[in-house]
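These notes are about the structure you will find just below.
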Protein chains: 2
Amino acid sequence: MEKESTKKQILEAAQKVFTEVGLDGARMQKIADEADVNKAMLHYYFKSKNKLFKSVFRIIAPKVFPEILQVLNKDMSLFEKIEKLVDNYITVLINNNNEKIPLLILNELNKNPDEFSDIMLESFNSLDFDPLKELEKDIQEEVLAGKIRYIDPQELLINIISMCIFPVCAKTFLQKVIFKGEKDKCQQFLITRRETIPKFIINSIKSD
Amino acid sequence: MEKESTKKQILEAAQKVFTEVGLDGARMQKIADEADVNKAMLHYYFKSKNKLFKSVFRIIAPKVFPEILQVLNKDMSLFEKIEKLVDNYITVLINNNNEKIPLLILNELNKNPDEFSDIMLESFNSLDFDPLKELEKDIQEEVLAGKIRYIDPQELLINIISMCIFPVCAKTFLQKVIFKGEKDKCQQFLITRRETIPKFIINSIKSD
DNA sequence: GTCTATAATGTGATAGAC
DNA sequence: GTCTATCACATTATAGAC
């Protein structure tokens, strides 16, 4: 019988280290230290570094992608859905534990598509509805009601996600280059995006 | 006297390997093989792996950030500048040699801000004008002319960059999850963004 | 399940001949 | 400047006692 607490400690420590320095940069000893367990325990529970990473990946991947999209299946107007979707993203990504997750996922997906893109797809398919179909339906409705111009649902979704996620991935860059070292202003900017992003998007698609 | 061709071969091979697998994932032997030179040559010319990486970083960083912004200093209308800026980004990023550069930069900037953010800042400061000030001026003009609503220049610039760069970073993900494996459709989508992004932005800021 | 000790390997870096 | 040979070390992984 597994001791769940040890396993959980390892997974949490591993997530921390992997998000900080990536798969290649991570050291098993560092993870063991963070988890406050013996290094041999890592192999006892997860066999290898790669398998440990996969376990972490399976936990974090759905957080920043399909889970947040649940809101698109709710009983709301398109504009409300956009506001709530952005709100969810900013809330999740502002969290210190989560802000480095997107970059880690994009990276490992890029270096090893064969190994990881199926995991992403699985968690996407675990949704009990198709976000793009749902979005298309909402868009059609609002177009018919004369409230918005038509926009391709893929374009809309990708624009929303880009504007939510990219600035978080580029936080270090923004702080230094765009906000000239004023970290507070940068953080404030990211928080304010809860309002500015929906405004920017809705302005773009609403009928004149 | 240095033999320039060898040095150049190494830098090109290093860029290739580093963009593919990152700093930690890269192997000096692999770089030597790609450059078709002896591994000892890498140390002869660049002392260490870290210094080689820094040399590469100094070359690639300006490509995706300050160089492209030159267009903001041209004699064009705000709308024209937006169109040209997006066009430049898509052109550069569609190129196979460049598409993985943004992710590499964001990553190493994140893992080691102290070491790399100054390099980014230097290349930004090498511009002979301030892109944000210039953008602010253009925005003010168009607001006075009644052509657009006011938008914070930082917000505008970051939105543009987000929508140009993020989908390229997330290409593997988009291919698999959003475009269900249809790579051609995904590539077509990225190319079409030359037109859809400016349209999306201009629609958002123009006066009703 | 947990630990120590150690094997097995990979890898950045250098010395020294040419 | 270029090469071969090799060092020195870090790191994943495992064997085996408790």
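Computed from heavy atoms alone, side chains included, the values below leave out hydrogens, waters and symmetry copies. Below, chain A is the first sequence line, B the second, and so on; all start at residue 1. In this text, all values refer to a predicted model and were calculated from it rather than measured experimentally.
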**OP:** State whether the side chain of A:Y89 and the backbone N or O of A:V64 hold a donor-acceptor pair below 3.5 Å, judged by distance alone.
**Re:** yes
Original post:
Taking all atoms of both residues into account, what is the closest heavy-atom pair of B:L174 and B:C186, and its distance?
Top reply: CB-SG, 4.0 Å
**OP:** Using a strict cut-off of less than 4.0 Å between a Lys/Arg side-chain nitrogen and an Asp/Glu carboxylate oxygen, indicate whether A:E20 and B:K111 qualify as a salt bridge.
**Re:** no
Original post:
Is the shortest side-chain N/O distance from B:H43 to OP1 or OP2 of C:dT14 below 4.0 Å?
Top reply: no
Original post:
Is there a donor in the side chain of A:T91 and an acceptor in the side chain of A:R194, or the other way round, less than 3.5 Å apart?
Top reply: yes
Original post:
For B:K49 and C:dT11, what is the distance between atoms NZ and P respectively, to the nearest whole Å?
Top reply: 9 Å
Original post:
Would you say the side chain of A:L190 lies within less than 4.5 Å of the side chain of A:I94, judging by non-hydrogen atoms?
Top reply: yes
Original post:
Can you find a side-chain donor-acceptor pair between A:D184 and A:Q188 that sits under 3.5 Å?
Top reply: no
**OP:** Rounded to the nearest angstrom, tell me the gap between atom CD in A:E4 and atom P in C:dT2.
**Re:** 11 Å
Subject >> D:dA13 phosphate, OP1 or OP2, under 4.0 Å from A:Y44 side-chain N/O >> reply: no
**OP:** Could you check how far CG of A:L42 sits from P of D:dT11, rounded to whole Å?
**Re:** 15 Å
Original post:
In whole angstroms, how far is the C1' atom of C:dA13 from the CG atom of B:L52?
Top reply: 13 Å
Original post:
Any chance the rings of B:F53 and B:F116 have centres within less than 6.0 Å?
Top reply: yes
**OP:** Just do the side chain to side chain donor-acceptor pair (under 3.5 Å) check on B:Q29 and B:D33 with the steps written out, would you?
**Re:** CA-CA 6 Å; B:Q29 187 60 60; B:D33 293 346; 3.0 Å; yes
**OP:** For DNA chain D, determine which residues of residues 17-34 of chain A have any heavy atom closer than 4.0 angstrom to one of its atoms, and list them numerically.
**Re:** A:A26, A:R27, A:M28
Please list, pair by pair, any protein nitrogen or oxygen found under 3.5 Å from a nitrogen or oxygen in nucleotides 3-7 of chain D.
unit_1 : atom_1 : unit_2 : atom_2 : d
D:dC3  : OP2    : B:N38  : N      : 3.4
D:dT4  : OP2    : B:N38  : ND2    : 3.0

Original post:
Does a nitrogen or oxygen in the side chain of B:S48 sit under 4.0 Å from OP1 or OP2 of C:dG12?
Top reply: no
